[in-house]
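Chain letters run A, B, ... following the sequence lines, proteins first and then strands; every chain starts at 1. What you see is a predicted model; the values in this text were computed from it and never measured.
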Amino acid sequence: EAGVTQSPTHLIKTRGQQVTLRCSPISGHTSVYWYQQALGLGLQFLLWYDEGEERNRGNFPPRFSGRQFPNYSSELNVNALELEDSALYLCASVQTMGRQPQHFGDGTRLSIL
Amino acid sequence: QKEVEQNSGPLSVPEGAIASLNCTYSDRVSQSFFWYRQYSGKSPELIMSIYSNGDKEDGRFTAQLNKASQYVSLLIRDSQPSDSATYLCAVRTSGGSNYKLTFGKGTLLTVNP
């Protein structure tokens, strides 16, 4: 069974640019979560999508947005990039029902110059 | 604010010793508890799930849950240098359809050869 896949692996951008990160969940998983992990910090919850709808978002500005497609894959968009956006962005998927754990992709390392 | 607390460490143990990692949580209705291992620069990897009071063993790992004390722990027996990583405690903080995991900031474990 394929795991959660994320692309790209690494990105280098400059301040003010925009970026799109992509995530494909495990087959059968309908929920996708996005997290930001800045260097040396814990996982910060960004967004939760389930069945194509945004269900919850963390304490991040509106320039962080995303969507979920009918095949349950998801995109995270970040506009007007700032230096502090440099981080590992992690996507996780889970079956909506039940008590199952989240499974993480390998992440996208975003560096802002 | 529903919180998950962990000692940040670092926790340093000699090879072959037992490493004990602790976690407390604030939401009394939490039902699902997970331990993830995260190597530096990598994504979190699920190592244990526990849902009921008591102990759950999987190889060298034992998770312990005490809902009355709102406490969950992870024991690693016969610690190996390859166990050196940050261990994240995660708690499902609400029931029903509002599936959200809250992560602790993690405990850095170092196993010395």
### Query
Is the backbone N or O of B/Phe61 less than 3.5 Å from a side-chain atom of B/Glu57, with the two atoms forming a donor-acceptor pair by type?
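Side chain of B/Glu57 to backbone of B/Phe61: no pair is present.
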### Query
So B/Phe103 and A/Tyr35, would you call those rings parallel, tilted or perpendicular, with 30° and 60° as cut-offs?
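Perpendicular.
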### Query
What part of A/Gln37 gets closer than 4.5 Å to chain B, counting heavy atoms only: side chain, backbone, both or neither?
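Contact with chain B involves the side chain of A/Gln37 alone.
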For [X], is it the side chain, the backbone, both or neither that has a heavy atom under 4.5 Å from a heavy atom of chain A?
X        : value
B/Leu108 : neither
B/Glu45  : neither
B/Tyr36  : side chain

### Task
Taking the side chain as every heavy atom from C-beta outward, state whether B/Ile18 and B/Ile76 have any atom pair closer than 4.5 Å.
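They are not in side-chain contact.
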### Query
Is the shortest heavy-atom distance from the side chain of A/Tyr33 to the side chain of A/Leu47 under 4.5 Å?
no
